[in-house]
Amino acid sequence: MSATPAQIAEGVAHLPVSIANVYFVGSCGSPWVLIDSSLPGNARKILEAAELLYGAGARPDAILLTHGHYDHAGSALDLANLWDVPIYAHRLELPYLTGKSPYPPIDPTAPGFMAFLGRFLPARTVNIRARVRPLPAGGEIPGMPGWQCHHTPGHAPGHVAFFRPTDATLIAGDAITTMNTDNLFDALRKRKQICGPPTPVTYDWTAALDSVRLLASLRPLTIAAGHGNPMIGPEASDELSDFAANITPPLRGRYVHQPARTGETGIVALPPKPSDPIPGIAAAVGVATIAGAMFAVAAHRRKKHSER
Ligand SMILES: [Zn+2]
Ligand SMILES: [Zn+2]
């Protein structure tokens with residue numbers, strides 16, 4: 001059975017897909033767009049949800065990406081091909097979506113469980129060169145009249161957030177989140193709280209903090225982020241303001257004192273790679289476990305042999 005998107009504001013519906021959210025913007029019977037596309041392999045699920053909202057065979061005007069990370073752009077090309085529509089992203093995000101550059105690498109030495117897991121996950125980008133186009137420089141957003149596009153770098157170089165002033169609805173991408181992605185238990189429960197961008201992939205903390213402050217200054221009443229359930233009402237806006245007034249960079253990490261420098265063609269310079277003892281420790285534990293198991297099997301065989 002298809003998942004039904006939840007209406008969170010006038011003409012805005014939210015659908016959690018795997019580990020990230022997608023949003024549908026546009027009322028039934030009017031033009032609409034899809035914002036973000038979750039991990040690869042979710043095109044069918046998103047398409048079916050769109051048909052529940054807009055009717056069988058419904059097609060958006062476009063797919064818009066808040067940024068190109070794998071968990072936001074993963075199903076974009078499949079959907080764009082199914083619907084035959086363009087994908088839009090900020091021009092500074094294009095190097096990472098067209099095979100020109102990898103993103104700045106995950107920082108496994110940053111705090112939090114996601115950073116820990118990041119050691120064991122492959123760094124991946126998606127190549128959507130065939131469909132992606134830059135968002136218009138003038139600030140108008142294809143398929144989203146009445147919305148503003150705010151460049152909110154720090155988590156990704158061409159990260160953008162979408163804001164509708166008439167009812168203060170914010171689609172924030174990963175510039176802020178509404179759950180603590182650094183805490184395994186909070187993340188599993190999706191406990192609602194305003195948090196900063198996911199830590200290990202945030203490559204420039206000065207820019208990231210400025211982006212949080214910019215979004216707080218908009219005083220959004222609906223906060224719809226890339227991770228976590230949307231938060232709605234004046235309390236959410238107040239929580240974001242308090243959070244932005246007190247936010248500090250993480251205590252440690254590769255990008256805390258020096259950002260990755262990026263430009264029109266992708267990565268320009270990276271801070272030095274931090275020393276990370278954990279993969280070595282994990283490998284040693286793995287080797288010791290295998291050696292122990294082999295020793296136990298050999299001892300068992302010897303015992304059986306001597307009993308004959
Ligand atoms: Zn991201
Ligand atoms: Zn994300």
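Counting starts at 1 for both ligands and their atoms, in listed order.
- Take the N/O/S atoms of H155: the one nearest the Zn ion (ligand 1) is NE2.
- Below 30°, between 30° and 60°, or above 60°: for W32 and F24 the angle between ring planes is between 30° and 60°, a tilted geometry.
- In H69, the N, O or S atom that comes nearest to the Zn ion (ligand 1) is ND1.
- Centred on the Zn ion (ligand 2), the angle running from D71 (OD2) to H227 (NE2) is recorded as 90°, rounding to 10°.
- Using bins of under 30°, 30° to 60° and over 60° for the plane-to-plane angle, the ring pair H69/Y103 lands in the perpendicular bin.
- Between NE2 of H72 and OD2 of D174, the angle at the Zn ion (ligand 2) works out to 90°, rounded to 10 degrees.
- The aromatic rings of H90 and H151 lie parallel to each other, their planes meeting at an angle below 30°, with 60° marking the opposite boundary.
- Between the Zn ion (ligand 1) and the N, O or S atoms of H67, the shortest distance is to NE2.
- Checked for salt-bridge contact, K192 and D186 miss the test: no charged N lies under 4.0 Å from a carboxylate O.
- Annotation: side chain of F162 is in contact with side chain of I35 (closest heavy-atom distance under 4.5 Å).
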